[in-house]
Amino acid sequence: MKNIIFLFLACAGGLALAQTNAPQAPTHQLTEISSDSADFDLNIHRAIYLGHVFVVDPPRVTMQCEWLRVDLPGAGGHLTNVVAATNVVIDLVDEKSGLTNHVTSDRAVYYYSQHGTVTNETVTFTGHVNSPPKVEYPDYTITSEPLVWDRAANGFHFNNEKIIFHQSTNSLGGTNASPLKLF
Amino acid sequence: MKINPSKILFALGAAIFLIAAANNRAQQLPIGHATDFSSVSYFEPPDDQKIQMRLSGAEASPLPGGLLDVKQLQVDMFNRTNVNAVVVVKAPQCTYAPLAGVASSPGQLELVAVDGKLHVTGEGFLWRQAEASLVISNHVRTTIAVDIFADKKAAL
């Protein structure tokens with residue numbers, strides 16, 4: 001009888017160990033921000049980062065800028081408003097292709113909202129007349145004012161876009177062509 | 001008129017208790033060298049019974065100009081609904097100006113949200129008590145934990 005009890009306890013202990021050792025799915029995603037300096041207003045839960053701001057939002061987004069305003073998440077647990085300004089550079093990894101989209105702009109505004117089952121999650125890039133926002137692909141670059149990345153739908157929305165195709169090295173006579181000589 | 005001695009004692013005890021309670025609600029700031037001091041501020045009415053912020057230190061030594069050299073600074077911030085602190089700021093050392101409600105240091109600082117969703121470190125800071133404002137001057141690193149199931153929870 002004692003052996004049976006011992007076996008039962010051993011099995012129960014093993015199960016408990018198995019449960020504690022089982023890998024648990026992460027419930028939180030860590031967004032990291034580094035900068036030269038920062039101002040926190042703890043009354044309104046807002047942070048402003050200044051100088052060499054670098055953001056890593058795994059697994060798909062990295063961003064650099066000179067000024068960043070973040071409304072810190074409350075009980076809902078999700079960032080809702082983020083504004084980046086001055087020399088904004090964002091690298092977005094496309095979910096489907098795995099390619100990196102390189103976006104540059106003067107300003108970027110992240111907005112997130114949840115209404116019932118509908119999630120709106122966008123980043124709106126804006127620039128100025130001589131320097132509209134642009135997204136660079138390996139073969140071409142698209143400029144658009146504004147340029148909107150719909151994160152929920154995983155795609156870009158353009159307005160009066162211009163597409164600039166990159167000249168490939170093959171057009172100069174193939175990969176074996178000698179380099180251009182200036183003199 | 002006959003005076004009951006037990007009633008006098010009770011009244012005296014009540015008076016001492018009320019004075020002590022009133023003193024506890026005032027900010028307690030060290031005059032000389034002090035250990036384990038704290039300074040508490042409360043919300044505006046009608047929540048004036050609730051602590052808004054507690055600034056404490058393991059040691060405080062007086063400096064010229066009415067300043068204090070505080071070791072192991074800790075600032076606990078509360079909201080109106082929580083009994084426990086929601087944000088804790090810690091620094092190994094700082095200079096505290098009690099009248100202005102300003103703390104500053106060229107040293108390290110750590111800010112933690114007790115729910116684990118925010119962690120900030122940096123070097124060199126200025127804390128303004130009245131505005132709940134914190135400026136970190138150098139090497140700021142922030143980690144924000146975003147609830148990746150927030151969408152699903154909100155949809156339910």
Side-chain angles (χ1 to χ4, degrees), chain A residues 24-61 63 66-82 110 112-121 151-153, chain B residues 41 43-44 52-55 75-82 85-89 103 106 109-156:
Chain A
Q24 295 188 348
T27 56
H28 291 88
Q29 174 184 299
L30 297 179
T31 299
E32 293 182 3
I33 305 169
S34 60
S35 67
D36 289 345
S37 63
D39 292 2
F40 291 85
D41 186 330
L42 297 177
N43 279 330
I44 58 170
H45 306 285
R46 176 172 284 178
I48 294 175
Y49 296 90
L50 301 158
H52 300 98
V53 184
F54 193 73
V55 181
V56 179
D57 185 24
R60 295 168 58 197
V61 181
M63 180 177 75
E66 290 301 314
W67 185 95
L68 182 76
R69 190 186 76 200
V70 179
D71 287 342
L72 299 167
H78 208 294
L79 290 169
T80 53
N81 288 286
V82 179
Y110 170 81
Y112 173 92
S113 70
Q114 171 83 43
H115 300 289
T117 56
V118 179
T119 301
N120 289 312
E121 189 175 19
R151 192 169 178 174
Chain B
S41 61
F43 283 105
E44 296 288 319
Q52 183 177 22
M53 195 208 70
R54 183 195 302 117
L55 187 147
V75 179
D76 298 300
M77 297 200 63
F78 301 79
N79 63 24
R80 290 171 196 268
T81 53
N82 281 42
V86 289
V87 172
V88 177
V89 179
L109 171 129
E110 182 184 36
L111 181 152
V112 177
V114 175
D115 65 4
K117 290 183 176 172
L118 179 67
H119 183 256
V120 182
T121 59
E123 204 173 301
F125 68 90
L126 175 70
W127 164 257
R128 290 192 192 92
Q129 195 168 323
E131 295 94 6
S133 158
L134 175 68
V135 177
I136 305 177
S137 310
N138 301 289
H139 312 304
V140 186
R141 293 186 69 84
T142 300
T143 305
I144 301 170
V146 176
D147 187 350
I148 55 178
F149 296 120
D151 305 359
K152 296 176 180 73
K153 285 175 191 166
L156 289 174

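It should be emphasised that the depicted structure is a prediction, and the values quoted were computed from it without experimental measurement. The chains referred to below are lettered A, B, ... by the order of the sequence lines, with proteins before strands, and numbering in each begins at 1.
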* Asked: Taking atom CZ of B:Arg128 as the centre, does the number of heavy atoms from other residues, nucleotides or ligands within less than 6.0 Å exceed 12?
  -> no
* **From CG (A:Leu72) to OG1 (B:Thr142), nearest 0.5 Å** =>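 The CG atom of A:Leu72 sits 8.0 Å away from the OG1 atom of B:Thr142.
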* Gap between atom CD1 of A:Ile33 and atom CD1 of B:Ile144 - 0.5 Å precision -> 4.0 Å
Interface moiety of [X] toward chain A, non-hydrogen atoms closer than 4.5 Å:
{"X": "B:Val120", "answer": "side chain"}
{"X": "B:Leu111", "answer": "side chain"}
{"X": "B:Leu118", "answer": "side chain"}

Per-residue contact mode, [X] against chain B (heavy atom under 4.5 angstrom):
{"X": "A:Val70", "answer": "side chain"}
{"X": "A:Asp36", "answer": "backbone"}
{"X": "A:Phe54", "answer": "neither"}

Where is the tightest heavy-atom contact between [X] and [Y], given as atom of each residue plus distance?
{"X": "A:Glu32", "Y": "B:Thr143", "answer": "CG-OG1, 4.2 Å"}
{"X": "A:Asn43", "Y": "B:Gln52", "answer": "OD1-NE2, 4.4 Å"}
{"X": "A:Ser37", "Y": "B:Ser137", "answer": "CB-O, 3.3 Å"}

* Asked: Distance-only, no hydrogens or angles: does the A:Asp39 side chain make a donor-acceptor pair with backbone N or O of B:Ser133 under 3.5 Å?
  -> no
* Measure the shortest side-chain to side-chain distance between B:Val87 and A:Phe40 over non-hydrogen atoms and say whether it is less than 4.5 angstrom. => no
* Asked: Between A:Thr31, A:Leu79, A:Val56, which has the largest tally of heavy atom pairs under 4.5 Å with chain B?
  -> A:Thr31
